[in-house]
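All heavy atoms count here, side chains included; hydrogens, waters and symmetry mates do not. Keep in mind that what you see is a predicted model, and the values were worked out from it rather than measured.
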Amino acid sequence: MSRFGEVDDQYDPHALEQRVFDYWDDVDAYEQTVEHRSDGDSFFFVDGPPYTSGSAHMGTTWNKSLKDVYIRFLRMQGYDVTDRPGYDMHGLPIETRVEERLGFENKKDIEEFGEDEFIRECKEYADEQLEGLQSDFQDFGVWMDWDDPYRTVEPEYMEAAWWGFSKAAERGLVEKGHRSISQCPRCETAIANNEVEYEDVEDPSIYVKFDLQDREGSVVVWTTTPWTIPANTFVAVDPDLTYQGVRAEREGEEEVIYVAEDCVEGVLKEGRYDDYEVLETLTGEEMVGWEYEHPLAEEVPDHVDVDDALQIYDAEYVEADRTGLVHSAPGHGEEDFERGRELGLPIFCPVAGDGVYTDQAGTYEGQFVKEADEEIIADLEDNGAMLSSGTVHHSYGHCWRCDTGIVQIVTDQWFITITDVKDELLDNIEDSEWHPQWARDNRFRDFVEEAPDWNVSRQRYWGIPLPVWTPEDRDDDEDMIVISDREELVERVDQEIEYDSVDLHKDTVDELTITEDGKTYTRVPDVFDVWLDSSVASWGTLNYPSDDSRFDELWPADLILEAHDQTRGWFWSQLGMGTAALGESPYQEVLMHGHALMPDGRAMSKSKDILIDPHEAIDRHGRDVMRLFLLSNNPQGDDMRFSWDGMQTMEDNLRTLWNVFRFPLPYMRLDGFDPQETTLDEVDTNLELIDEWVLARLQSTKAEMTEAFEDYRQDKALEALLEFVVEDVSRFYVQAVRERMWEEEDSASKEAAYATIYRVLRETVALLAPYAPFVSDEIYGTLTGGAEHDTVHMCDWPDVEEYWVDDQLEEDVAFLRAIEEAGANARQQAGRKLRWPVPRVVVAADDERVAEAVERHTDLLEDRLNAREIELVSAENRWEELRYSAEADMSELGPAFGGRAGQVMNALNEARIDEPDLEALEAAVADVLEEGESIEESMVSFVTETPDDIAGTAFSLDGDDRGVAYVDASLTADIESEGYAREVIRRVQEMRKDLDLDVEERIVLEVEIDDDRVASLVEDREDLIREEVRADDLRTVEDGHRKEWDVDGVAMEIALEPVAAAEASD
RNA sequence: GGGCCAAUAGCUCAAUUAGGUUGAGCGCCACUCUGAUAAGGUGGAGGCUCUCGGUUCAAAUCCGAGUUGGCCCA
């Protein structure tokens, strides 16, 4: 790009972003930037791998944009940042997609198709999805190492998981166990609790009577899963809860039932009983030990019937809900299972992995459990055990992938027993710093405290195989071999295999055996839970252990950055694995952001088609705008509502920046300004106050941004930058500096302005670069013309330069701007347009600082307020035309007046006095003061009241009133003369524009005004008019552009034509 | 059903991290400026600070209960 070259008139994001993409390609911008920092201190960032199914949605886009902004910022601070993106490519979601694609219904179809073929299909599918995600991320302008992502399906990565698992095994944390798990009967595998999705469904709701053995009557239990009744083993009560036995009557028949006292009415109503009487009241504890008969004893001959079974026991999970008694089947529920084991009861589970009853289920054998509900209900009714049968809407767990209702069963699974290292886990939490901190101390800690052992085995195909071999004669963890990597595998297996050709997927290791000490070991056929894959990312991303060159230097990660759903996901799985394998937390800092919500606050949902597509956002506003919008949201914990208005605002801000940037270019180009020659140091002595001011503001902006960035609040940093660009540079500095740039001759002042705005723009684009990488680079290229780096992203993060820091000047100008604003307000009140001069503006300063500021910048104020004179009334003097009222300070009034403070405040606010002193004020509010009370100086501040003919507006800084600007709007002939002349000038300018005349084009002008007085006033300023509108001649115009105007009731007719045209027609 | 977080102007968010008369930007309306012009300026309307209770002279802020939304878990 050539320095100060022509740029688009309008900010056009699409053309610009395409140009920049091409440019980045041409100069290898990313590669250069990485290389540029290769000697810097290393910063180990680890990318949380998105799952490769579906495309990038707004949440992923926000996540990657956040990662990008921090990576770019860190690079600019000089760090050599690891930026390897990752993809999570194994697991059930992909298997189910592929099954759908191939039209499969269950595991049998897969077995027939062939395991190796199926794995190949899964890999192909995952690769396709990866491509889609990669191209999206690149399209968003995210700079990561796209040529070399870590993929959880590569052997290098898979052995990172093997290695971690083997380390955990070495520490004795790997165990095979009989546990109650959530099983998807379609996928025929255990699924993790966090893979269970709850949905509202209609299920049976049955109240069942269990007949008591040693006494009359029955206990009543309630359940929504009739299919678990065959496995009933005991009934649970709350020992402290009060229960009642009641004799209830229905259609003339009586029976005795036991339920919790609070549930009596509800149960009897449910069973349509007519009447009842209470027989006894007792605690749950008193009921413990009662024996009952299994209601399906005949249908299920194998039901649990040991001595201690079919009794009432106490349990913690009982609530006074429905009946207050809980049907408990250790084979079909985690809590029941735990309690059943404590009680030493058998764990009876007559259901296989596919959800079908086994032969242990008696007459129900061969039926799918959910389908057996109906028959079981019928049988219970026949037995007389059914008190009531209906349906209920409630939420029930479903498989996250195939949406099949889960069943709780007991199976053999492999676990990492993280409960054995719970204390270590809790300690390790302390070693990481979270933003926001509450996420760690409340949410994460609670979760870790509650976390059960981690079931890592899945009975599926597309995953990392468990590296566990067991002896042929037993399949528990007693004598297992855990292989840690490919090298060990090649060495120990019986078969001849090549290191480089072991893919490590199931089809390549299933047949391998190990024979040692005369014993042959075979592989456990399970694959890992997919959460285990990403849990080893902190070393997997380094290809450790196969490549150990950087592990010692980098590990653990300096930063990870994900959304709050990962508290129970990746934040947790990494901590668990890191602790189990290495005894340490694998990350040091966590930035936890929220979710992207719809504009109305709903969650986005792809399946329900409730979403904002990032591609649409880009089509409408461009990448930079989308990123700015996303990054303007608080990244710590809060959710983000997407907003098209917010997007538009960011586009407006960028357009303002674009206008500021292109404004000085033509002048710099014409004057041949060379920023390398004409540096700020060079023009230092010629800098005007406004230049020094904008440079001072630049320093405080940098300081504020750096602080916010280091606090992981890039949104605050962005706010500071945009305020600087829009408020300070665009609305104030550029306005003030324009005339200096229009000067045609060379001048020191103009050079100073060039050097100043150049520095401001040059640093601004560096500050903006992490957020809006495209527009920043284009501006940078135009400003530097190749004299510096090839891309702005190689720049250092701009540091504060003490030399230009000037807090006092910043405050001065803040005062002036406040005064100017108040003056403009007062003008409007007085009904005087800015175009018309006013004879004087009186500034009443409340303190010395304000007075100083006004004295030093009188000219600037005169100019901007279009006042003939600025009159300063200093703090110690009073402007005698004023009256006063008082404003109460409640922080003083409150303690002094207690409950009457509000009353006193109102009286003070209404008081009007001539002199601002306390005596006069006390007299004015005497009627609300009681004996001995007085108004102290600290309680009030006096406020001036505006006199007639003069409009006054108070100005303040940071919320504190600092004085008042009074505009005297009285008219004199001189002022009217200039006012009307300006009215004419403005209209002529507009007509010049109608004709599309060049700025320099000379014209001939004719002005006709009927009102003689106004005509003569305008005539007095003929010279001014001619100069301003470049009129060579004031005379009758024959064929020119002619228009009639009404200027506040005065009719004017104006005509003009270019001199050239006028001469031609003469 | 439980845990965590949030709730302030039409929208997005602030309110100096142990209370003191609620603010900004955007949007809307009116006016205004015009050599950045699909810009700029000024003003206006718009708030029982989600509800109820408590502590206090004083609560958006502290405490308790609830409502709604989000995430996680059951």
_Rounded distance (Å) that lies between atom P of U68(B) and atom CG of Leu597(A)_ = 18 Å

*At under 4.0 Å between heavy atoms, what does Arg738(A) touch on the DNA or RNA strands: base, sugar-phosphate, or nothing?*
base

*In the structure shown, which nucleotide is the Watson-Crick or G-U wobble counterpart of G23(B), with both distances under 3.5 Å?*
C13(B)

*OP1 or OP2 of G3(B) under 4.0 Å from side-chain N/O of Asn442(A)*: no

*Whole angstrom is fine here: how far is it from CD in Glu719(A) over to C1' in C13(B)?*
8 Å

*A18(B) and C13(B): how far apart are their P atoms, nearest whole angstrom?*
24 Å

*Is Arg986(A) side chain donor-acceptor paired with the C33(B) base, going by distance under 3.5 Å alone?*
no

*Rounding to a whole Å, what distance do you find between His564(A):NE2 and G3(B):P?*
18 Å

*Between Trp454(A) and Asp529(A), do the side chains contain an N or O donor and an N or O acceptor separated by less than 3.5 Å?*
yes

*If each of Asn659(A) and Lys716(A) is mapped to the nucleotide of RNA chain B with the nearest heavy atom, which maps nearer the 5' terminus, i.e. the 5' end?*
Lys716(A)

*Calculate the interatomic distance between Asn866(A) atom CG and G40(B) atom P; express it in whole Å.*
22 Å

_Using atom C1' in both nucleotides, what's the gap between A14(B) and U67(B) to the nearest angstrom?_
25 Å

*asked:* Please pick, from C26(B), G70(B), A36(B), the nucleotide with the shortest atom-to-atom distance to any side-chain atom of Thr649(A).
replied: C26(B)

*Cationic tip of Arg817(A) above Phe732(A) ring, under 6.0 Å, 45° of axis*: yes

*Please confirm whether the backbone N or O of Tyr396(A) pairs with a side-chain atom of His398(A), one donor and one acceptor, at under 3.5 Å?*
yes

_No-hydrogen, no-angle side-chain donor-acceptor test under 3.5 Å, His564(A) and Asp639(A)_ = yes

_Please name the nucleotide paired to C62(B) by Watson-Crick or G-U wobble geometry with both distances under 3.5 Å, or report none._
G54(B)

_Quick check against the 3.5 Å criterion: does Tyr11(A) have a side-chain atom that pairs as donor or acceptor with the backbone of Leu657(A)?_
no

*asked:* Using a 3.5 Å distance criterion without hydrogens, assess whether the side chain of Glu562(A) forms a donor-acceptor pair with backbone atoms of Gly48(A).
replied: yes

*Can you find a side chain N or O atom of Arg731(A) that sits less than 4.0 Å from OP1 or OP2 on G41(B)?*
yes

*Using the P atom in both, what is the distance from A58(B) to U68(B), to the nearest Å?*
32 Å

_Without decimals, in angstroms, what is the distance between Glu723(A) CD and A24(B) C1'?_
9 Å

*According to the Watson-Crick and G-U wobble definitions, with both distances under 3.5 Å, which nucleotide is paired to C4(B)?*
G70(B)

*What interatomic distance, in whole Å, is found between C1' of C63(B) and the corresponding atom of U56(B)?*
12 Å

_Side chain of Asp446(A) only, heavy atoms from C-beta on: which candidate in C71(B), A36(B), C4(B) is closest?_
C4(B)

*Using purine N1 to pyrimidine N3 plus N6-O4 or O6-N4 for Watson-Crick, or N1-O2 and O6-N3 for G-U wobble, each under 3.5 Å, what pairs with C48(B)?*
none

*asked:* Both distances below 3.5 Å, Watson-Crick or wobble geometry, any strand: find the nucleotide opposite C29(B).
replied: G43(B)

*Along RNA chain B (nearest heavy atom to each residue), the more 5'-positioned of Gln735(A) and Asp565(A)*: Gln735(A)

*Give one of base, sugar-phosphate or nothing for Trp438(A), where a contact means two heavy atoms less than 4.0 Å apart.*
sugar-phosphate

*Distance in Å, Met626(A) CE paired with Ile612(A) CD1, rounded so as to fall on 0.5 Å steps*: 12.0 Å

*Once you apply the 3.5 Å cut-off to both distances, tell me the Watson-Crick or G-U wobble partner of A36(B), or none.*
none

*Is the base of A39(B) touched by the side chain of Ser730(A) through a donor-acceptor pair closer than 3.5 angstrom?*
no

*Nearest-angstrom distance, P atom, G64(B) to G27(B)*: 41 Å

*Output the single nucleotide from A39(B), C5(B), A38(B) whose closest atom is nearest the side chain of Gln10(A).*
A38(B)

*Of Tyr771(A), Trp62(A), Phe642(A), the residue whose pairing with Phe629(A) passes ring pair (Phe, Tyr, Trp, His ring centres under 6.0 Å)*: Phe642(A)

*Figure out the CZ/P separation between Phe571(A) and C73(B), and round it to whole Å.*
14 Å

*Can you tell me if the side-chain N/O atoms of Arg443(A) get under 4.0 Å from OP1 or OP2 in C5(B)?*
no

*Find the distance Asp715(A):CG to A24(B):C1' and express it as a whole number of Å.*
15 Å

*Syn versus anti for A65(B), judged by chi lying within 90° of 0?*
anti

*Does any donor-acceptor pair link the side chain of Arg992(A) with the base of G35(B) at a separation under 3.5 Å?*
no

*Could you measure between the two C1' atoms, the one in C28(B) and the one in G10(B), and give it in whole Å?*
9 Å

*asked:* What's the gap between G35(B) and A30(B) when it is taken at their C1' atoms, as a whole Å value?
replied: 27 Å

*To the nearest Å, how far apart are Asp441(A) CG and U17(B) C1'?*
16 Å

*Which value, in whole Å, describes the distance between the C1' atoms of nucleotides U61(B) and U8(B)?*
11 Å

